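Worth saying up front: this structure is predicted, and the values here are computed from it rather than measured.
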Amino acid sequence: MKILVTGGLGFIGSHTVVELQHEGFEVVIIDDCSNADVKVLEGIKAITGKQPVFEKIDLRNKPMVEAFFVRHQDIEGVIHFAASKAVGESVEKPLLYYENNLGTLVYILQELSKKERASFIFSSSCTVYGQADEMPITEDAPVKAAESPYGNTKQMGEEIIADTCKVTQGLNAIALRYFNPMGAHPSVEIGELPIGVPQNLVPFITQTGMGIREQLSVFGDDYPTADGTCIRDYIHVVDLAKAHVVALQRLLNAKNEENYEVFNVGTGKGSSVLEVIQSFERVSGEKLNYKIVDRRAGDIVSAYANTKKANEVLGWTAKSTLDEAMKSAWDWEKKVRKS
Ligand code: WQD
């Protein structure tokens with residue numbers, strides 16, 4: 001069965017391609033390589049023994065999207081990762097984010113609406129909850145006003161899909177609300193490749209551990225948490241990738257009564273910034289150079305998932321511990337720097 005993975009050369013996309021191939025799916029990747037390298041294809045092949053079909057397409061080009069679906073009429077499902085994801089950049093360039101993240105979504109949904117039956121998985125984010133009133137966060141928690149155009153594209157993306165599903169009988173969709181993905185494939189053939197200075201905590205930690213960054217700034221230790229630093233739900237990217245496969249299988253087997261559903265994808269466990277640093281020090285045996293600085297604008301205090309719905313409905317649970325995920329991130333960082 002043929003599945004299109006947009007953004008399939010990216011961090012979460014590439015790990016999902018691997019898990020799809022493990023389950024016997026035939027994968028076609030579309031990526032514009034704006035934030036990813038074609039060499040990722042070799043990493044995927046080294047793990048699965050099979051190189052997926054790859055087409056370099058900018059999804060903002062509607063005629064190219066239409067032509068792609070004409071060439072690949074047998075595509076039965078789409079996992080749509082392709083999107084811009086830098087929160088700060090989205091504030092500077094809102095229209096770029098609306099075009100990249102929502103324009104392309106509309107084009108793909110238009111193509112899928114032409115089919116008698118199609119399955120669609122959307123990369124959403126826990127960012128839609130903002131600072132939730134209760135922890136852990138359930139899918140019923142209210143969606144809060146977005147802090148950035150990036151966050152807005154995830155909220156609006158979900159609404160666009162929900163509205164389309166209401167009037168498109170053959171379309172089945174799931175939005176997965178990711179918490180904080182980290183780590184790399186245990187084979188260290190694929191992993192995260194941030195361009196420039198990492199904005200996210202874990203790659204910044206591993207780069208500091210390697211001496212590429214001098215020091216990690218911990219953004220605030222005066223939050224109302226046990227150690228004063230912010231709490232997040234860090235999920236191993238392989239666990240996250242597997243969630244996509246089970247979500248897709250649910251849609252393909254038409255086990256869903258509603259044709260649009262949302263699921264939290266996290267571990268259910270919150271970890272503070274200092275706990276993440278301690279995890280790094282445990283698995284690497286290195287001391288991390290860090291200092292406490294002022295809070296970062298826009299950070300929420302705490303976000304971790306209630307995963308009951310994904311556990312019960314999808315039969316999926318995150319398996320890896322923070323230390324296992326951290327070890328894979330560290331092994332990957334060491335490999336990338338050696339090569
Ligand atoms: C984690 C914690 C920081 C860097 C991410 C994505 C965002 C959205 C939600 C996708 C926070 C602290 C970080 C550093 C630090 N995802 N930190 N020093 O803020 O949860 O946001 O998930 O839709 O796009 O970016 O993740 O990794 O940036 O930060 O102290 O140098 O680490 O304050 O508490 P965040 P993050």
Side-chain angles (χ1 to χ4, degrees), residues 2-21 25 27-41 43-44 52-69 71-72 75-87 89-90 93-113 118-125 127-128 148-158 160-161 164 171 173-178 181 190 192-195 237 240-241 243-245 247-248 265:
K2 202 191 266 188
I3 304 298
L4 166 63
V5 180
T6 74
L9 298 182
F11 175 41
I12 307 169
S14 58
H15 288 81
T16 301
V17 169
V18 165
E19 298 307 320
L20 286 168
Q21 289 190 331
F25 289 101
V27 179
V28 181
I29 294 175
I30 288 182
D31 205 299
D32 67 355
C33 298
S34 59
N35 195 14
D37 197 317
V38 278
K39 282 200 195 120
V40 171
L41 288 171
I44 293 170
V53 173
F54 167 60
E55 296 205 21
K56 186 172 173 187
I57 293 174
D58 182 337
L59 293 169
R60 291 174 298 182
N61 186 330
K62 190 169 172 21
M64 293 272 275
V65 175
E66 285 170 348
F68 172 87
F69 278 93
R71 279 198 305 284
H72 297 274
I75 282 179
E76 296 188 44
V78 177
I79 306 186
H80 183 46
F81 293 102
S84 298
K85 61 175 183 182
V87 177
E89 185 187 45
S90 79
K93 302 175 186 167
L95 293 178
L96 179 75
Y97 273 67
Y98 291 122
E99 184 185 27
N100 281 355
N101 295 8
L102 297 180
T104 65
L105 171 67
V106 169
Y107 295 161
I108 289 175
L109 291 176
Q110 282 171 332
E111 293 307 311
L112 294 186
S113 302
S119 300
F120 183 75
I121 311 266
F122 179 63
S123 300
S124 190
S125 167
T127 196
V128 301
S148 67
Y150 166 79
N152 230 345
T153 66
K154 294 300 170 191
Q155 296 188 2
M156 290 163 73
E158 288 194 7
I160 289 169
I161 299 163
T164 309
L171 184 63
I174 286 179
L176 297 178
R177 291 175 174 165
Y178 311 155
I190 53 173
E192 194 169 5
L193 287 168
I195 292 173
V237 66
L240 176 55
H244 292 78
V245 179
L248 180 68
V265 190

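Counting all heavy atoms, side chain and backbone alike, V17 lies closest to P52 at CG1-CG, 3.9 Å. Counting all heavy atoms, side chain and backbone alike, S90 lies closest to P149 at O-CG, 3.1 Å. Scanning both residues, A173 and I161, for their nearest heavy atoms gives CB-CG2, 3.5 Å. For the pair V265 and A243, the tightest heavy-atom approach, listed with the atom from each and the gap, is CG1-CB, 3.7 Å. Scanning both residues, A247 and I174, for their nearest heavy atoms gives O-CD1, 3.7 Å.
In this structure, the ring-ring contact (aromatic ring centres under 6.0 Å, His included) partners of F81, at least two apart in sequence or on a different chain, are H244. Listed by chain and number, the residues in a ring-ring contact (aromatic ring centres under 6.0 Å, His included) with F11 are H15 (sequence neighbours excluded). For F68, the ring-ring contact (aromatic ring centres under 6.0 Å, His included) partners at least two apart in sequence or on another chain are H72. The salt bridge (charged side-chain N to carboxylate O under 4.0 Å, His left out) check on D37 picks up nothing, with sequence neighbours excluded. Partners of R71 by salt bridge (charged side-chain N to carboxylate O under 4.0 Å, His left out), not counting sequence neighbours, listed by chain and number: E55. Listed by chain and residue number, S124, R177 satisfy the side chain to side chain donor-acceptor pair (under 3.5 Å) test with E158 (two or more places apart in sequence, or in another chain).
With 3.5 Å as the limit, one finds a donor-acceptor pair spanning the side chains of Y178 and S123. If you check the side chains of Y107 and N61, you find no donor sitting under 3.5 Å from an acceptor. A side-chain donor from one of Y97 and E89 sits under 3.5 Å from a side-chain acceptor of the other.
Side-chain atoms of K2 never come within 3.5 Å of backbone atoms of G77 as a donor-acceptor pair (strictly under, hydrogens ignored). Judged by distance alone, with hydrogens and angles left aside, the side-chain atoms of T104 form no donor-acceptor pair with the main-chain N or O of L59 at under 3.5 Å. In this structure, the side chain of D58 does not engage the main chain of D32 through any donor-acceptor pair within 3.5 Å. Looking only at distances, a side-chain donor or acceptor of N101 sits under 3.5 Å from a matching main-chain atom of S84.
Taking the side chain as every heavy atom from C-beta outward, T164 and L112 never approach each other to under 4.5 Å. Counting heavy atoms from C-beta outward, E192 and I12 have side chains that stay 4.5 Å or more apart. For the pair V18 and I190, the minimum side-chain heavy-atom distance is below 4.5 Å. Taking 4.5 Å as the limit, some side-chain heavy atom of K62 sits within range of a side-chain heavy atom of Q110. In this structure the side chain of E111 reaches within 4.5 angstrom of the side chain of V65, judged on heavy atoms. At least one side-chain heavy atom of I79 sits under 4.5 Å from a side-chain heavy atom of L20. Counting heavy atoms from C-beta outward, C33 and F54 have side chains that approach closer than 4.5 Å. Here the side chains of V28 and V5 are not in contact, with every heavy-atom distance at 4.5 Å or above.
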Stepwise side-chain contact (heavy atoms from CB on, under 4.5 Å) check, T6 with I108: CA-CA 10 Å; T6 74; I108 289 175; 3.8 Å; yes

side-chain contact (heavy atoms from CB on, under 4.5 Å) assessment of S14 paired with L9: CA-CA 5 Å; S14 58; L9 298 182; 5.9 Å; no

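The aromatic rings of F120 and H80 sit tilted, their planes meeting at an angle between 30° and 60°.
None of L4, V53, L41 except one satisfies the side chain to side chain contact (heavy atoms under 4.5 Å, CB included) rule with I29; the exception is L41.
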